[in-house]
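Have a look at the structure below, then the notes.
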Amino acid sequence: KNKLCHNVKELKKYKRKMKLVAAYLLATLGGNKTPSEDDLKKILSSVGVEADSAKVKALLEALKGKDVAEVIKAGKAKLSAVPSGGSGGSASSGGDASGDKKEEKKEEEEE
């Protein structure tokens, strides 16, 4: 039960961080290359979220002088290195699995 409670707390903390990141991205997509603390707080308050000044400042400091597109690109590269878990079978994309096996046999015979 404690482990579940811990995971719920972590999830809530993660969601709060993502709201702040989303506000930053919205500001930059709107043409504001360097959003301020007030800009982010205004965006968040428009949807009923109260922003923590310390966290807003920390995010702004972390992104200071960085191109958002480059930050996203670097993040994607890091995520691709993370194991995605799950070892279940892959879903078919509408093709016939037996047709795939026939193609493999033909290729083997041709070699």
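On a predicted model such as this, the values are computed, not experimentally measured, just so you know. All residue numbers refer to positions in the sequence shown, counting from 1.
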So NZ of K55 and NZ of K17: to nearest 0.5 Å the spacing works out to 7.0 Å
Taking atom CG of L40 and atom CG of L59, what is their separation to the nearest 0.5 Å? 6.5 Å
Rounded to the nearest 0.5 angstrom, the OG1-CG distance for T34 and L60 is 9.5 Å
So V68 and I72, do their side chains get closer than 4.5 Å, heavy atoms only? yes
Pairwise side-chain hydrogen bond (donor to acceptor under 3.5 Å, both in side chains) hits with a residue in residues 23-33, at least two apart: N32-D39
Would you call E70-K66 a salt bridge at under 4.0 Å N-O? no
Would K73 and K76 count as a side-chain contact (heavy atoms from CB on, under 4.5 Å) if you check the C-alpha gap in whole Å, the side-chain angles of each, and the deciding distance to 0.1 Å? CA-CA 5 Å; K73 187 176 178 182; K76 280 185 177 181; 5.8 Å; no
If you round to the nearest 0.5 Å, how far is OG of S36 from NZ of K57? 11.5 Å
L29, V21: one ILVMFWY side-chain cluster at the under-4.5 Å cut-off? no
Is there a continuous path of hydrophobic side-chain contacts, each under 4.5 Å between heavy atoms, that joins V71 to L26? no
Rounded distance (nearest 0.5 Å) linking atom NZ of K19 with atom CG of L44: 8.5 Å
So do the side chains of E37 and S53 get within less than 4.5 Å of each other, counting heavy atoms only? yes
Quick one: do V47 and V56 end up in the same hydrophobic cluster if we chain Ile, Leu, Val, Met, Phe, Trp and Tyr together by side-chain heavy atoms under 4.5 Å apart? yes
